[in-house]
There are 2 protein chains.
Amino acid sequence: MTDDYVEIARQGRLASALHTAGYKLTGPRLAVLYVLEMELCHASPQEVYERGVAIYPALGLSTVYRTLDILTELGLARPAYLGDASQRFTVHHDQRHYHLVCDACGAITDVDEDRITELACSLAAGLGFKPRGQYLEIYGLCQHCQAQPARPPVN
Amino acid sequence: MTDDYVEIARQGRLASALHTAGYKLTGPRLAVLYVLEMELCHASPQEVYERGVAIYPALGLSTVYRTLDILTELGLARPAYLGDASQRFTVHHDQRHYHLVCDACGAITDVDEDRITELACSLAAGLGFKPRGQYLEIYGLCQHCQAQPARPPVN
DNA sequence: CCGGTAATTGAAATTCTTTCTCAGCTAGAA
DNA sequence: TTCTAGCTGAGAAAGAATTTCAATTACCGG
Ligand SMILES: [Zn+2]
Ligand SMILES: [Zn+2]
Ligand SMILES: [Zn+2]
Ligand SMILES: [Zn+2]
């Protein structure tokens, strides 16, 4: 029923990583993981909290922050500024993660491109730097906003 | 004497851009520009403020924020999270800007690499995205910290 | 060189975000 | 079922960023 999220989240990639690392899979935590995995992959703690409360009403904001911290520590999320230049966003990641961020509507498109990965790695190696993860953000106008003369389609 | 900063800052790239855009070149503002241009290219507003006060004692923190906002608006700086995952950093930029960020000591190394630029542009173009600027962050361990077993050399 | 004026300023208040503390609760191993 | 280390939410606190406002100032035009 309304608790479906527990089973779904429990089977997810994030939950399994937390479990492997020795963290308990509690209700509040699973709600946060569910939100991150099924609803928002690019979100501020506040947004995660708002969605999470809808799923698990007793959820506290502290738990959202704590869970995001754990995910970051495990390399499953990272803090980033995407566009709005002020809110703290945390996003899923896989050691490498490339974004197209629209200046006009804020839309974020994930891109996967091995060539960038290779190039970045060889570049780092050439400078004696041992890379752990890499993130590229390309800002500009999405296809939709290039046509539109004016403002945001969403929000 | 102690006012050298005014002339130096006034002749800088940032001041000239602000002037062109119609902003006044005031003492406090020039102090901030001086700091950004001559002392810190990757800094938090707080750090900019601290250095700025040394140059222009009456400087207010609000002015630092306001100046950083203007620079961002003009595309001369950008907000970013680099490493510490919590402080707001603003950095200079030139439409493209690539960083090596050390997980251990926090050192930030600028890298310029045309191949990345080309690759990113062609990638974006292929997806109908019109790029304006691009930023790559590679996290990992700098040469120094690969050797060291433990903690930060700086700070 | 000298006003006049709109832009800019710092301080303080305010708001927003993040972290900390702590007493009670709970997942999960045994 | 029991036990306990780990986890929880609430509220307090700390930190960052923004807003407000009366006083000041850059700089254009005269
Ligand atoms: Zn768009
Ligand atoms: Zn993404
Ligand atoms: Zn280092
Ligand atoms: Zn840089």
Side-chain angles (χ1 to χ4, degrees), chain A residues 3 5-7 9-10 14-16 18-33 43-50 52-74 77-82 84-90, chain B residues 3 5-7 9-10 14-16 18-34 43-50 52-74 77-90:
Chain A
D3 279 2
Y5 83 90
V6 170
E7 285 316 314
R10 197 181 280 275
L14 300 180
S16 120
L18 288 224
H19 182 255
T20 300
Y23 291 99
K24 289 184 182 175
L25 298 180
T26 66
R29 211 167 255 176
L30 287 168
V32 171
L33 298 183
S44 64
Q46 188 61 41
E47 288 168 338
V48 173
Y49 171 70
E50 282 159 17
V53 164
I55 295 176
Y56 186 97
L59 182 66
L61 185 52
S62 334
T63 296
V64 173
Y65 276 98
R66 287 187 283 234
T67 305
L68 289 170
D69 283 349
I70 292 172
L71 290 172
T72 301
E73 186 181 300
L74 295 180
R78 74 174 169 122
Y81 267 118
L82 302 175
D84 326 46
S86 145
Q87 290 281 20
R88 176 187 180 183
F89 279 68
T90 50
Chain B
D3 279 3
Y5 84 90
V6 170
E7 285 316 314
R10 197 181 278 277
L14 300 180
S16 121
L18 288 226
H19 182 255
T20 300
Y23 290 99
K24 289 184 183 175
L25 297 180
T26 66
R29 209 168 256 175
L30 287 168
V32 171
L33 299 183
Y34 179 89
S44 65
Q46 188 60 42
E47 288 168 338
V48 174
Y49 171 70
E50 283 159 16
V53 164
I55 294 176
Y56 185 97
L59 182 66
L61 186 52
S62 335
T63 296
V64 173
Y65 277 99
R66 286 187 283 235
T67 306
L68 288 170
D69 283 349
I70 292 172
L71 289 173
T72 301
E73 185 181 301
L74 296 181
R78 75 174 169 120
Y81 268 119
L82 301 175
D84 328 44
S86 145
Q87 289 282 20
R88 177 187 180 185
F89 279 69
T90 51

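Computed from a predicted model, the values in this text were never measured in an experiment.
As a whole-Å value, the separation of A:Lys24 NZ from D:dT8 C1' is 11 Å. Here D:dT24 presents its P atom at 12 Å from OH of B:Tyr56, a figure rounded to the nearest Å. Across the protein-nucleic acid pair, B:Ile70 atom CD1 and D:dA17 atom P stand 17 Å apart, rounded to whole Å. One interatomic measurement links the two molecules: CG of B:Leu68 to P of C:dT9, which rounds to 12 Å at whole-angstrom precision. Look at CG on B:Leu61: it is 16 Å from C1' on C:dT8, rounded to the nearest Å. The nearest whole Å value for the distance from the OH atom in A:Tyr23 to the C1' atom in D:dT8 is 16 Å. Here D:dG15 presents its P atom at 13 Å from CD of B:Glu50, a figure rounded to the nearest Å. Distance B:Leu30 CG to D:dC27 C1': 13 Å, rounded to the nearest Å.
Looking at which nucleotide of DNA chain D each of B:Pro45 and B:His19 is closest to, the 5′-most match is held by B:Pro45. Between B:Gly27 and A:Leu59, it is A:Leu59 whose nearest contact on DNA chain D lies nearer the 5' terminus. Annotation: of the two residues near DNA chain C, A:Arg10 and A:Gln46, the 5′-most nearest-nucleotide partner is A:Gln46.
Backbone-only contact: A:Leu25 has heavy atoms under 4.0 Å from sugar-phosphate atoms and none from a base. Contacts of A:Ser62 with the nucleic acid, taken as non-hydrogen atoms under 4.0 Å apart, include base atoms.
Note on A:Arg66: every side-chain N or O is 4.0 Å or more away from OP1 and OP2 of D:dC7. Within the 4.0 Å cut-off from OP1 or OP2 of C:dT9, at least one side-chain nitrogen or oxygen of B:Thr26 is found. Side-chain N/O atoms of B:Tyr65 include none lying less than 4.0 angstrom from OP1 or OP2 on D:dT18.
If you check C:dT9, D:dA5, C:dA7 against the side chain of B:Arg29, the one that comes closest is C:dT9.
Interatomic distance, CD of B:Glu50 versus CG of B:Leu61, reported as 9.5 Å (0.5 Å rounding).
Residues B:Lys24 and B:Leu18 are not in side-chain contact: their nearest non-hydrogen atoms beyond the backbone lie 4.5 Å or more apart. The shortest distance between side-chain heavy atoms of B:Glu73 and B:Asp69 does not fall below 4.5 Å. A 4.5 Å side-chain heavy-atom check between A:Leu74 and A:Leu14 finds every atom pair outside the cut-off. By the 4.5 Å heavy-atom criterion applied to side chains, A:Tyr5 and A:Tyr56 are counted as neighbours.
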